[in-house]
2 protein chains.
Amino acid sequence: MDVKTLCLAVLSQGEATGYEIKKAFEEGPFAHFQRASFGSIYPALSKLLAEGLAEAEAREQDGRPDKKVYRLTAAGRAAFHRAIGQEPEPDQLRSDVLFLLYFARELPKERVEALIDGYIASYRAQADRIEGCRAERAAAGAEIDPGKWLVSGFGVAVYRAAADYLASNRDALLRGLERPLEAAE
Amino acid sequence: MDVKTLCLAVLSQGEATGYEIKKAFEEGPFAHFQRASFGSIYPALSKLLAEGLAEAEAREQDGRPDKKVYRLTAAGRAAFHRAIGQEPEPDQLRSDVLFLLYFARELPKERVEALIDGYIASYRAQADRIEGCRAERAAAGAEIDPGKWLVSGFGVAVYRAAADYLASNRDALLRGLERPLEAAE
DNA sequence: TAATGCATGTAATCGGTTACATGATTCA
DNA sequence: TGAATCATGTAACCGATTACATGCATTA
């Protein structure tokens with residue numbers, strides 16, 4: 001999924017500025033499975049305009065820089081539907097921490113401890129953040145879109161499972177590092 | 001983690017050819033959290049040679065093309081330890097399927113069904129694959145490296161959690177798509 | 001006979017990140 | 001006073017993927 005498609009997707013949910021699109025990938029609903037930087041969003045938005053897939057409206061603000069609000073055109077909506085009709089590429093997890101932990105025996109024990117504890121905390125924080133958003137929506141009695149609900153629930157389930165696995169294997173790892181290699185039971 | 005560091009890491013486990021390094025990212029121990037293509041591995045290996053971090057030995061084979069077996073030098077080993085001393089970047093999941101599922105309401109029901117079923121199957125397959133490797137090691141009475149054991153266990157735990165979550169929310173999603181938007185309970 | 005696995009490498013291209021440039025407001 | 005938030009954009013650079021080039025052996 002390139003950034004152009006990602007922008008199309010965010011805009012399909014309603015008008016937005018480049019800045020707001022960035023936020024959608026930082027704290028918004030896409031935060032846990034896609035990302036994009038300013039350096040790719042703004043050029044993508046320009047292309048969308050050039051191709052007639054979006055239109056923009058400048059809005060003045062007092063005491064703030066003007067914002068440029070983008071909105072999909074009919075052609076943009078069609079392009080978005082074509083895009084989500086494509087076959088998805090397989091999931092990809094990139095984890096430097098897992099990579100380091102793989103080499104735990106080459107690392108000082110304190111480092112491994114800090115690494116795994118920080119890792120658990122960050123996964124817990126992610127799960128809490130998403131769960132907070134879900135609770136908010138539910139409490140507001142807002143309409144529940146089944147797709148969005150499933151995806152955010154997925155984030156919570158997976159992050160929790162990751163944190164729980166690490167928490168319950170943390171001590172065994174640390175103990176294992178104190179001894180020479182052992183055979184499996 | 002760039003490909004050069006990844007190659008350093010694979011070679012720290014023993015000598016290997018470019019082809020074997022590729023396999024380590026496809027089916028090997030790194031498969032579920034890092035990847036690299038031939039187009040990046042071979043140039044990385046050349047750089048390693050040029051910088052004196054690795055040395056290569058050509059080995060003839062009957063009926064097969066010659067292989068070039070790479071091995072770390074002392075400098076290479078030091079470079080690897082410097083690399084794993086660096087602070088890791090945060091994990092990154094990129095999932096097109098989740099992205100599509102987020103827009104389930106814009107998709108035909110059959111497509112959503114195929115998407116989620118395929119997704120569950122691929123996660124189950126991943127978990128089974130890793131579990132197979134673990135069982136093999138354990139059965140062989142092989143030495144257990146605590147870091148490696150933790151990392152492969154992580155893969156199993158997370159993939160299983162993902163598949164289980166999707167399996168138990170699949171029907172609710174499909175049912176939800178048949179009705180107009182609902183309020184949260 | 002076609003596809004897959006083994007085996008190494010190059011080149012074009014491309015998408016995206018990082019850093020830079022600008023600037024007002026608000027909060028600590 | 002310094003940092004963070006809001007806000008848009010450009011340009012250099014870079015890493016990596018894709019496709020290409022080659023070729024033999026085995027398996028279906």
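- Rounded to whole Å, atom C1' of C/dG5 lies 11 Å from atom CD of B/E27.
- Annotation for B/E57: atom CD counts as buried by contact number, over 12 foreign heavy atoms lying within 6.0 Å.
- A/Y102 and B/S152 are not linked by any side-chain donor-acceptor pair at a separation below 3.5 angstrom, with hydrogens and angles left out of the test.
- For B/K22 and C/dG9, the NZ to P distance is 15 Å, given to the nearest whole Å.
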Base-contact (B) and sugar-phosphate-only (S) positions in nucleotides 15-28 of chain D, heavy-atom cut-off under 4.0 Å, - elsewhere: -SBB----B-S---

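- For the 3.5 Å distance criterion, the side chains of B/H32 and B/Q126 fail to qualify, holding no donor opposite an acceptor.
- Both A/S46 and A/K67 sit near DNA chain D, but only A/K67 has its closest nucleotide nearer the 5' end.
- Applying the 4.0 Å criterion to OP1 and OP2 of C/dT8, one finds that B/K68 has every side-chain N and O outside that range.
- Among the atoms of the strands shown, only primed sugar atoms or phosphate atoms (P, OP1, OP2) are found under 4.0 Å from some heavy atom of A/Y70.
- One interatomic measurement links the two molecules: CD of A/E60 to C1' of C/dA24, which rounds to 15 Å at whole-angstrom precision.
- Relative orientation of the B/F103 and A/F80 rings is perpendicular, given thresholds of 30° and 60° on the angle between their planes.
- Rounded to whole angstrom, the span from the OH atom of B/Y19 across to the P atom of C/dT8 amounts to 9 Å.
- A side-chain N or O of B/D91 and one of A/Y123 form a donor-acceptor pair less than 3.5 Å apart.
- When each of B/K23 and B/P43 is assigned the nucleotide of DNA chain C bearing its nearest heavy atom, the one mapping closer to the 5' terminus is B/K23.
- Looking only at side-chain heavy atoms (C-beta outward), B/R35 and A/R94 come within less than 4.5 Å of each other.
- Phosphate contact (OP1/OP2 of D/dC6, side-chain N/O of A/Q61, threshold under 4.0 Å): absent.
- Protein atom CD of B/E20 is 16 Å distant from nucleotide atom P of C/dG5, rounded to whole Å.
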